[in-house]
Student: 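Take this structure first; my questions come after.
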Amino acid sequence: MNTNLVVDDKAKTQNSSAEHVPLIYKAPKDGSDGHQVDTAAKIARRKLREIRREKRAMDLVRKDDEALVKLENAAIERSKAVDSAVLGKYSIWRKENENENSDSTVRLMRDQIIMARVYSVLAKSKNKHGLYQELQSRIKESHRAVGEATADADLHRSAPDRMRAMGQVLTKAREELYDCKVISQRLRAMLQSADEQVRSLKKQSTFLSQLAAKTIPNSIHCLSMRLTIDYYLLPVEKRKFPRSENLENPELYHYALFSDNVLAASVVVNSTIMNAKEPEKHVFHLVTDKLNFGAMNMWFLLNPPGKATIHVENVDEFKWLNSSYCPVLRQLESAAMKEFYFKADRPTTLSAGSSNLKYRNPKYLSMLNHLRFYLPEIYPKLDKILFLDDDIVVQKDLTGLWDVDLNGMVNGAVFTCGESFHRFDKYLNFSNPHIARNFDPNACGWAYGMNIFDLKQWKNKDITGIYHKWQTMNEDRVLWKLGTLPPGLMTFYKLTHPLDKSWHVLGLGYNPSIDRSEIDNAAVAHYNGNMKPWLELAMTKYRPYWTRYIKYDHPYIRGCNLSE
């Protein structure tokens, strides 16, 4: 080499702590300057760096290749576990490809209509009549294409074209009219208007559901009328039920059922007997009104409950139940109560009429609803009786209830309170001093509809007298509104024994989220609420529990067009 690079070891040792190690070069013999020496050193270092860089690059490429091979192998293994049939389902090339959001087009078109309405208002305010007319035309077309569709599959075949046309006119409107502040104000106004409409519709819905709950379907009315006609055509000697000697036998299982609905009563009786272990030991005491007396008798004469005993009575023939004895009858005859139910200045709108409508339900005018407070008077020879509402269905043998030790209590019932609901303060007016002094607002409520009553204890504690006391004090409806549960809670206060919840599940007439296993495991399923199983507004998923006990091929059922 032309240049000899000499490192001064001594200098290197002395300056080992310095930031840079000085290099001392020996001058070449040919007298050339040191510039060539510096250039040669740089070339040497550059070559070393290039060698190291190439080595690192080769190491990285090798590692990348190894990682790639591992990834490929893992992907191959995963692909073996994938069902090819499932892959086909999500193939974008298939015509029947299922969109995860099956209503995406519907929602997009509805959003377009909203924006078109906003722009149409702006166009009209700025005298852009051509654009306004075009927007109105597209809105009508989109409305027709969407219709009542809730999923893309329900859309009219013209929907894609309408959507594209609307998109074009919206683009045009945006270019000419877009003003962020004005549009946001308009959308806020539309939102407020929609909120008011929703509130109004909720009130109307409440009114209509309450109205529907009051009515009896034409098919059930037809059934009652046909049965009534045929009953009064029967000879008197054929109108009697067998086994009347069982009616006052305290050793048997007695049921009290008060109803004016023939079909509902038939389901209660049929479901009880079909699930009973010893049907011959069951006795049904059915009380109805004068209008349905013939129909009830005729139905059970034609369809006797196997070996069980049944007896039908007319509440209007209970001569002892009169206004001089019964506070409810006395109050129903009062001018104030007649004014409350039948006043002339009824609301003319649905939303206005929804206020307190449930308290004007005709069932509160019927003594059938209040007979539950007179059980010892109706059945003086019995010791225990099971009270059943007509909107229940029995799913298990109920005789175990007669073996429950009520511990000196009068009423056995399933308690319904949760952390803060179904407690006394939800039913009673605790601002009234009579209520506040005598009851605990946090006391737990219980369910009417399946109750085992000890009639001996009832008489000992004068339950009917307690009921009369509170009912008389509530003539002006200051203690509670109306109904039988509030006075029941007061009358049986501290006299109710809690039953296991599996005896009685509630809410099938209003609660869509009851656990299916809870219903299946319950001895009695109760359709309390407005959505009764015999009405069209019943919840479909709960109806089969009830309809399974109806013989739809029965001539009377078929003749009145009753169907599942």
Side-chain angles (χ1 to χ4, degrees), residues 255-258 268 358 363-364 369-376 384-396 398 400-430 435 438-458 460-464 466-467 469-471 474 479-511 514-515 518-519 521-529:
Y255 300 83
L257 174 61
F258 309 140
V268 175
K358 68 179 181 179
K363 74 178 183 180
Y364 298 131
N369 202 44
H370 296 268
L371 281 183
R372 63 193 69 191
F373 294 107
Y374 299 95
L375 292 175
K384 275 190 175 183
I385 196 165
L386 182 64
F387 169 78
L388 297 176
D389 266 341
D390 66 355
D391 57 351
I392 62 102
V393 62
V394 177
Q395 303 185 117
K396 294 182 180 180
L398 299 179
L401 287 167
W402 276 263
D403 297 326
V404 174
D405 184 358
L406 298 182
N407 295 311
M409 302 295 184
V410 180
N411 173 25
V414 168
F415 280 54
T416 57
C417 60
E419 292 183 1
S420 61
F421 54 93
H422 291 302
R423 296 185 182 274
F424 272 43
D425 62 346
K426 301 298 181 183
Y427 301 100
L428 306 177
N429 178 18
F430 274 87
I435 298 295
N438 290 281
F439 302 100
D440 177 3
N442 293 314
C444 190
W446 44 266
Y448 254 137
M450 189 217 70
N451 307 81
I452 185 73
F453 289 110
D454 185 329
L455 300 185
K456 286 184 176 180
Q457 288 291 340
W458 184 305
N460 291 337
K461 299 183 185 300
D462 189 23
I463 294 299
T464 303
I466 297 173
Y467 163 68
K469 168 195 167 184
W470 290 114
Q471 189 68 55
N474 194 49
L479 306 185
W480 70 89
K481 290 291 187 179
L482 285 173
T484 54
L485 181 56
L489 295 175
M490 300 167 71
T491 300
F492 295 101
Y493 183 57
K494 295 185 178 179
L495 295 172
T496 300
H497 176 77
L499 298 177
D500 189 277
K501 291 185 180 296
S502 63
W503 281 111
H504 188 185
V505 63
L506 296 109
L508 278 72
Y510 71 90
N511 184 0
I514 305 173
D515 189 86
E518 187 179 352
I519 301 174
N521 293 329
V524 168
H526 196 167
Y527 292 83
N528 57 312

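Because the structure is predicted, anything quoted here is derived from the model rather than measured. In what follows, residues are counted from 1 in the order of the sequence shown.
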Student: Report the C-alpha distance between Val393 and Tyr527 in whole Å, list the side-chain angles of each, state the deciding distance to 0.1 Å, and finish with yes or no for side chain to side chain contact (heavy atoms under 4.5 Å, CB included).
Tutor: CA-CA 8 Å; Val393 62; Tyr527 292 83; 4.1 Å; yes
Student: Which distance, rounded to the nearest 0.5 Å, do you find between the CG of Asn521 and the NZ of Lys396?
Tutor: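 Reported to 0.5 Å precision, the distance equals 5.0 Å.
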Student: Identify the heavy atoms of Val414 and His504 that sit nearest to each other, and give their distance.
Tutor: CG2-CB, 3.5 Å
Student: Would Arg372 count as a cation-pi partner of Tyr448, with NZ or CZ less than 6.0 Å from the six-membered ring centre and within 45° of the ring normal?
Tutor: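 Yes, a cation-pi geometry.
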Student: Measure across Ile392 and Gly449 and return the closest heavy-atom pair with its distance rounded to 0.1 Å.
Tutor: CG2-O, 4.0 Å
Student: Could you give the distance from CZ (Arg423) to CG (Leu489), rounded to the nearest 0.5 Å?
Tutor: 12.5 Å
Student: So which of Trp480, Tyr467, Tyr427 actually passes side chain to side chain contact (heavy atoms under 4.5 Å, CB included) with Met490?
Tutor: Trp480
Student: Just so I know, are the side chains of Asp389 and Met450 near enough to count as touching, which here means a heavy-atom distance under 4.5 Å?
Tutor: no
Student: Return yes if some donor-acceptor pair links the side-chain N/O of Gln395 with the main-chain N/O of Val524 below 3.5 Å, else return no.
Tutor: no
Student: Determine, using ring centers only, whether Phe373 and Trp470 are less than 6.0 Å apart.
Tutor: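 They do not qualify: ring centres at least 6.0 Å apart.
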Student: Assess the residue pair Leu386 and Asn451 against the criterion (side chain to side chain contact (heavy atoms under 4.5 Å, CB included)); give the C-alpha distance rounded to whole Å, side-chain angles, the decisive distance to 0.1 Å, and a yes or no.
Tutor: CA-CA 6 Å; Leu386 182 64; Asn451 307 81; 5.8 Å; no
Student: Testing the basics here: between Ile435 and Leu428, what is the closest heavy-atom pair and its distance to 0.1 Å?
Tutor: CG2-CB, 3.9 Å
Student: How far does CG of Asn407 sit from CG of Asp454, to the nearest 0.5 angstrom?
Tutor: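 Reported to 0.5 Å precision, the distance equals 11.0 Å.
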Student: What's the shortest heavy-atom distance between Lys461 and Ile466, and which atoms?
Tutor: O-CD1, 3.7 Å
Student: Taking all non-hydrogen atoms of both residues, which atom of His497 and which atom of Leu406 are closest, and how far apart?
Tutor: CB-O, 3.8 Å
Student: Can you tell if the side chain of Val404 reaches within under 4.5 Å of the side chain of Ile452, non-hydrogen atoms only?
Tutor: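 No. Closest side-chain heavy atoms not under 4.5 Å.
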Student: Salt-bridged, Lys384 to Asp403, with N to O below 4.0 Å?
Tutor: no
Student: Distance check, rounded to the nearest 0.5 Å: Ile385 atom CD1 versus Leu455 atom CG?
Tutor: 6.0 Å
Student: So which heavy atom on Lys501 is nearest to which on Phe415, and how close?
Tutor: NZ-O, 2.7 Å
Student: Verify side chain to side chain donor-acceptor pair (under 3.5 Å) between Asp391 and His526, making sure each step is shown before the conclusion.
Tutor: CA-CA 6 Å; Asp391 57 351; His526 196 167; 2.8 Å; yes
Student: Please report the interatomic distance CG(Asn511) to CG(Leu506), rounded to the nearest 0.5 Å.
Tutor: 10.0 Å
Student: Quick one: are the ring centres of Trp458 and Phe492 less than 6.0 Å apart?
Tutor: yes
Student: Would you say that Leu499 contacts Leu401 through its side chain, given a criterion of any heavy-atom pair below 4.5 Å between the two side chains?
Tutor: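 Yes. Closest side-chain heavy atoms under 4.5 Å.
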Student: Evaluate side chain to side chain contact (heavy atoms under 4.5 Å, CB included) for Leu495 paired with Asn411, printing each intermediate quantity in order.
Tutor: CA-CA 6 Å; Leu495 295 172; Asn411 173 25; over 6 Å; no
Student: Flag the pair Phe424 / Tyr493 as yes when their ring centroid distance falls below 6.0 Å, and as no otherwise.
Tutor: yes
Student: Is there side-chain contact between Tyr255 and Leu257, with at least one heavy-atom pair below 4.5 Å?
Tutor: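 A side-chain contact under 4.5 Å is absent here.
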Student: How far does OG1 of Thr491 sit from CD1 of Ile463, to the nearest 0.5 angstrom?
Tutor: 7.0 Å
